[in-house]
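Reading through the structure tokens given below for one structure.
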Amino acid sequence: MEATTETPKKSLNFIEAMVEQDLREGRNNGRIQTRFPPEPNGYLHIGHAKAICMDFGIADKYNGICNLRFDDTNPAKEDVEYVDSIQEDIQWLGYQWKNVYYASDYFQQLWDLAEKFILDGKAYIDEQSAETIAKQKGSPTVPGVESPFRNRPAEESLALFRNMNSGEVPEGAMVLRAKIDMAASNMHFRDPIMYRIITDHPHHRTGWTWKAYPMYDFAHGQSDYFEGVTHSLCTLEFEVHRPLYDWFIDQFQDSDYRPRQTEFNRLNITYTVMSKRKMLQLVNEGLVTGWDDPRMPTLCGLRRRGYSPASIHNFIDKIGYTKYDGIIDLGLLEHSARETLNKSATRVNAVLNPVKLIVTNYPEGQTEVLNTENNPEDPSAGSRELIFSRELYIEREDFMEDAPKKFFRMTPGQEVRLKSAYIVKCTGVKKNEDGAIEEIHCEYDANTKSGMPDANRKVKGTLHWLSTENAVDAEVRLYDRLFSIENPSADERDFRALINPDSLKVLTGCKVEPWLKNEPALAHFQFQRTGYFNIDPDTTADRLIFNRTVSLKDSWAKEQSRS
RNA sequence: UGACUUAUGGUGUAAUGGUAGCACUGCAGUUUCUGGAUCUGCCUGUCUAGGUUCGAAUCCUAGUAAGUCAACCA
């Protein structure tokens with residue numbers, strides 16, 4: 001384990017640096033505890049993966065623990081459906097929490113704490129309407145005005161608070177507010193709401209037991225405290241909440257221990273949206289097929305698209321954690337997938353847009369078995385067999401009748417190699433009445449079979465192919481960026497108008513190697529010279545469906561688009 | 001016209017007062033039975049102005065720009 005050659009030490013991100021300093025200073029008795037605190041109101045996306053890798057990663061690296069805590073303080077939005085999917089996605093990423101907690105586990109503790117705030121004169125019941133309270137908040141530059149209920153007797157507030165939870169008080173009739181400072185420059189200090197009434201939705205765990213529910217600011221930090229969290233890591237938009245987080249804890253902290261909140265930048269990626277609201281809209285309005293649509297940035301969508309946990313981790317490792325709110329190039333995510341899949345994906349011949357190629361000098365009825373490697377990057381992946389015959393399929397785009405000089409593929413008179421098979425030379429084409437190409441004809445050189453003496457002859461192009469004898473049909477779904485502009489969130493136009501109309505292309509009548517019929521859903525492959533693909537879960541016994549995860553880099557396409 | 005935060009190549013991220021480096025992208029080449037992968041090289045950067053210091057991307061001040069905050073959401 002001792003590294004004798006000095007490998008350059010990977011630099012720490014600012015949170016790791018902070019944790020190491022806390023450890024050196026013996027803070028919280030050297031204990032490290034984090035939590036991942038999703039609200040169960042939607043599916044996890046790649047941005048959550050960044051947070052998950054941070055929360056669980058810190059715990060793993062510094063011998064701490066990380067718990068999963070559902071921040072379920074708003075029954076109007078939450079559902080068990082989400083609780084389940086969130087757990088599945090975290091485990092898919094390869095993490096295991098120490099405990100599962102729910103903010104709703106602490107409803108009684110929070111209630112008791114709130115009563116203490118009331119008795120201490122630090123909270124009061126306000127019976128004004130939401131609009132009035134909002135108006136009285138003032139603005140960042142104008143101080144707020146105090147509620148007429150602000151200085152009512154504690155006993156009165158306490159009685160009303162208990163009424164709030166009785167079911168007798170309608171929603172919106174009263175709230176519990178912290179008594180802080182209506183002139184504070186931080187808006188969150190202007191007597192923030194601690195409790196509100198929700199009577200028309202049962203809580204997904206506590207049912208109809210509670211009528212008054214704590215707000216985020218009075219639940220999150222307190223839950224951290226109850227659990228013994230040392231490092232409460234969250235994204236930058238909670239920066240302005242931190243003083244309030246600290247204020248609440250200051251009011252009842254009773255030992256050296258205290259949790260501390262630290263914020264890092266959230267993940268933004270070009271050509272997609274990462275807001276739950278917008279993603280929900282895409283799903284509800286049928287603009288995508290569901291939360292797991294392979295174009296979605298959700299973890300279930302990426303999984304279905306063909307991203308492996310390793311490729312997600314590869315990506316997260318590249319992007320870093322800072323306090324600068326930038327936007328990551330989608331190309332980096334795609335690169336992360338290619339880099340990971342290149343090492344693990346079995347190579348396959350698949351012809352997406354087939355045209356017949358007839359090897360005119362190959363005996364009719366004859367077939368032979370050829371051998372080909374499964375992955376040139378990984379010799380241990382072994383090899384498999386391909387059937388060669390007189391009639392083959394190749395890609396329509398791999399043939400041009402009048403080819404430019406740089407076209408290395410099949411064109412009359414030019415030799416090309418059929419991968420793992422023979423060198424062939426195009427001798428002509430057969431067209432139908434409309435002039436469309438029906439068949440391409442070629443002759444093969446029997447001495448050029450892979451491994452034979454003349455096989456080393458240099459040819460510019462190598463094509464993938466399939467025998468018509470045993471190729472099987474497949475549907476292939478090609479995905480592209482969901483939005484046609486880099487940063488749809490920063491655009492004034494409705495984001496739905498910015499959806500890329502070509503984000504999905506469905507190809508039918510594609511041909512693939514026959515054994516792929518028996519592969520399980522989500523198994524991933526490289527279609528040689530084309531891209532990385534996986535098997536879609538919609539696949540049935542008689543309908544084989546592939547999703548393109550990401551294309552291979554294509555310098556020929558680039559060359560073409562230049563002219 | 002408030003508070004908090006941030007500013008390093010096109011993008012993201014290192015350098016923790018002492019040589020501005022890495023990755024992606026782009027470009028050129030090498031190599032290849034995938035126009036993939038590999039390998040090599042190149043392009044491009046410390047927001048501005050002051051100050052502290054032998055020395056500043058780093059510390060200080062001011063400016064500029066950007067993000068977040070005024071839900072009975074989290």
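Computed over heavy atoms, backbone and side chain alike; hydrogens, waters and symmetry mates excluded. Reminder, nothing fancy here: chain letters follow the sequence lines and each chain counts from 1.
A heavy atom lying under 4.0 Å from RNA chain B marks the following residues of residues 373-382 of chain A, by number: Pro376(A), Glu377(A).
Taking atom CD of Glu334(A) as the reference point, atom P of G36(B) lies 17 Å away to the nearest angstrom. Taking atom CG on Asp554(A) and atom P on G26(B), their separation rounds to 12 Å, with Å as the unit. Rounded to whole Å, the distance from CG on Leu552(A) to C1' on G36(B) is 4 Å. Counting to the nearest Å, the P atom of A3(B) and the CD1 atom of Ile180(A) are 19 Å from each other.
With a 4.5 Å cut-off on side-chain heavy atoms, Pro297(A) and Met279(A) count as touching. Under the 4.5 Å side-chain criterion, counting only non-hydrogen atoms from C-beta, Ile15(A) is in contact with Leu233(A).
Nucleic acid contact class of Gly451(A) (heavy atoms, under 4.0 Å, all strands): base. Contact annotation for Phe407(A): base contact, defined as any heavy-atom pair under 4.0 Å involving a base atom. Residue contacts shown for Arg347(A) include a base, since a base heavy atom lies under 4.0 Å away. Within 4.0 Å (heavy atoms only), Arg242(A) reaches no atom of the nucleic acid at all. Across all strands shown, Lys458(A) has heavy atoms under 4.0 Å from sugar-phosphate atoms exclusively, and none from any base. Nucleic acid contact for Lys460(A): none, since no nucleic acid atom lies under 4.0 Å from a heavy atom of the residue.
Look at Arg529(A) and Asp398(A) and you find a salt bridge, because one of the NZ, NE, NH1 or NH2 atoms lies within 4.0 Å of a carboxylate O, short of that distance. Note on Arg152(A) versus Glu127(A): salt bridge recorded, some NZ/NE/NH1/NH2 to OD/OE distance being below 4.0 Å. Asp224(A) and Arg69(A) are joined by a salt bridge, as a carboxylate oxygen and a charged side-chain nitrogen come within less than 4.0 angstrom of each other. Under a 4.0 Å N-O distance rule, the pair Asp445(A)/Arg457(A) qualifies as a salt bridge. Ion pairing between a basic and an acidic side chain is recognised when a charged N comes within 4.0 Å of a carboxylate O; Lys77(A) and Glu39(A) show no such pairing. In this structure, Arg242(A) pairs ionically with Glu263(A), as a charged nitrogen and a carboxylate oxygen lie closer than 4.0 Å. By the 4.0 Å N-to-carboxylate-O rule, Arg162(A) lies too far from Glu168(A) to be salt-bridged with it. Look at Arg384(A) and Glu513(A) and you find a salt bridge, because one of the NZ, NE, NH1 or NH2 atoms lies within 4.0 Å of a carboxylate O, short of that distance. Ion pairing of Lys449(A) with Glu368(A) is present here, as a side-chain N (NZ or NE/NH1/NH2) and a carboxylate O approach within less than 4.0 Å.
Relative to the side chain of Lys553(A), the nucleotides G35(B), G2(B), A37(B) differ in distance, and A37(B) lies closest.
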Would you list the protein and nucleotides 8-12 of chain B atom pairs, both N or O, that sit under 3.5 Å from each other?
unit_1: U11(B); atom_1: O3'; unit_2: Ile327(A); atom_2: O; d: 3.4
unit_1: U11(B); atom_1: O2'; unit_2: Ile327(A); atom_2: O; d: 3.2
unit_1: G12(B); atom_1: OP1; unit_2: Ile327(A); atom_2: N; d: 3.3
unit_1: G12(B); atom_1: O2'; unit_2: Ile319(A); atom_2: O; d: 3.0

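Along RNA chain B, the nucleotide closest to Asn342(A) and the one closest to Thr448(A) are compared, and the more 5′ of them pairs with Thr448(A).
Side-chain atoms of Glu263(A) stay outside donor-acceptor range of the base of U5(B), with no qualifying N/O pair under 3.5 Å. Checked by distance alone, Arg529(A) brings no side-chain donor or acceptor within 3.5 Å of a matching partner on the base of G35(B).
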Could you write nucleotides 69-74 of chain B as a row of B, S and -, 5' to 3', where a protein heavy atom under 4.0 Å of any base atom gives B, of only sugar-phosphate atoms gives S, and otherwise -?
SB-BBB
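Screening residues 310-346 of chain A for ring pair (Phe, Tyr, Trp, His ring centres under 6.0 Å), with sequence neighbours left out, gives Tyr95(A)-His313(A), Phe264(A)-Tyr321(A).
Under a cut-off of 6.0 angstrom, the local environment of NZ in Lys425(A) is sparse, with at most 12 non-hydrogen atoms contributed by other residues, nucleotides or ligands.
Secondary structure note: stems in RNA chain B built from 3 or more consecutive Watson-Crick or G-U wobble pairs under 3.5 Å occupy B:2-7 with B:64-69, B:10-13 with B:21-24, B:26-29 with B:39-42, B:47-51 with B:59-63.
With sequence neighbours left out, the salt bridge (charged side-chain N to carboxylate O under 4.0 Å, His left out) criterion links Glu239(A) to Lys323(A).
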